[in-house]
Amino acid sequence: ETGVTQTPRHLVMGMTNKKSLKCEQHLGHNAMYWYKQSAKKPLELMFVYSLEERVENNSVPSRFSPECPNSSHLFLHLHTLQPEDSALYLCASSQEGWNRGRYEQYFGPGTRLTVT
Amino acid sequence: SQQGEEDPQALSIQEGENATMNCSYKTSINNLQWYRQNSGRGLVHLILIRSNEREKHSGRLRVTLDTSKKSSSLLITASRAADTASYFCATDGLAGAGGTSYGKLTFGQGTILTVHP
């Protein structure tokens with residue numbers, strides 16, 4: 001257990017569905033991240049929230065919409081996805097501060113998403 | 001081009017042998033981290049080495065960093081079947097503004113390590 005939980009663990013959705021992925025961290029961290037992991041591709045950073053403010057949006061299509069209501073929770077809202085969006089979606093958190101020099105991230109177990 | 005490319009892509013060894021994985025990167029870094037991922041699970045942080053360090057140990061793990069060659073290696077000694085996993089290096093660059101920063105990690109594609117009992 002890393003202190004980061006994700007639900008659901010598995011999700012199958014059609015291209016016209018709307019669903020949400022949830023991430024919760026119990027570590028008191030102030031930064032949270034969404035990553036996408038596809039087969040045969042490096043882990044891709046999608047979004048970063050620092051102090052509940054989105055600080056990074058890595059050219060992610062608008063069919064992915066993040067939400068960070070507080071420092072412990074992070075959501076990824078999904079709508080009208082494509083089959084190529086099928087992947088493992090990982091959430092992570094870290095404790096960040098100015099020039100702290102260490103940025104290890106703690107990952108949740110991921111949500112395996114299949115778009116049919 | 002991506003930061004953090006691991007080599008080899010796959011490594012198969014017998015229990016008790018040592019496993020060495022390499023990582024190369026392209027731009028200057030603040031630190032380099034190694035993570036492990038069991039099949040279909042989240043990543044687990046193993047070790048972090050700062051740009052001014054050359055070698056670091058943690059249990060059976062030994063990490064080296066050569067900033068002149070922009071490369072790092074992860075050595076797992078006396079491997080066990082439970083070490084079977086994918087191993088990723090991640091390089092970081094500071095990002096953010098306004099008095100705070102966060103670690104923006106860029107991951108490589110990983111090395112799949114299989115340790116046979």
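Sequence lines set the chain letters: A, B, ... in the order given, protein chains first and strands last, and positions in each chain run from 1.
Contact residues of residues 79-93 of chain A toward chain B are A/L88, A/L90 (heavy-atom distance under 4.5 Å).
Atom CD of B/Q9 has 12 or fewer heavy atoms from other residues, nucleotides or ligands within 6.0 Å. In this structure, B/K70 places its NZ atom where more than 12 heavy-atom neighbours from other residues, nucleotides or ligands lie under 6.0 Å away. Heavy-atom neighbours of A/Y49 OH from other residues, nucleotides or ligands within 6.0 Å: above the threshold of 12. Annotation for B/R80: atom CZ does not count as buried by contact number, only 12 or fewer foreign heavy atoms lying within 6.0 Å.
Residue A/W34 is grouped with residue A/F64 when hydrophobic side chains (ILVMFWY) are merged at heavy-atom distances under 4.5 angstrom, including chains of intermediate members. No chain of hydrophobic side-chain contacts below 4.5 Å, direct or via other Ile, Leu, Val, Met, Phe, Trp or Tyr residues, connects B/V44 to A/F107. Note on A/F47 and A/F75: separate hydrophobic clusters, where clusters join Ile, Leu, Val, Met, Phe, Trp and Tyr whose side-chain heavy atoms are under 4.5 Å apart, directly or indirectly.
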Exercise. Would you please test B/L105 and A/Y33 for side-chain contact (heavy atoms from CB on, under 4.5 Å) and show each step?
Key: CA-CA 10 Å; B/L105 297 181; A/Y33 310 78; over 6 Å; no

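With sequence neighbours left out, A/E44 forms a side chain to side chain contact (heavy atoms under 4.5 Å, CB included) with A/K36, A/S38, A/K41.
Taken to the nearest 0.5 Å, the CZ atom of B/F88 stands 5.0 Å off from the CD atom of A/Q37. Distance CD/A/E104 to CG/B/L43: 13.5 Å, rounded to 0.5 Å.
With a threshold of 4.5 angstrom between heavy atoms, A/Q6 does not approach chain B through any atom at all.
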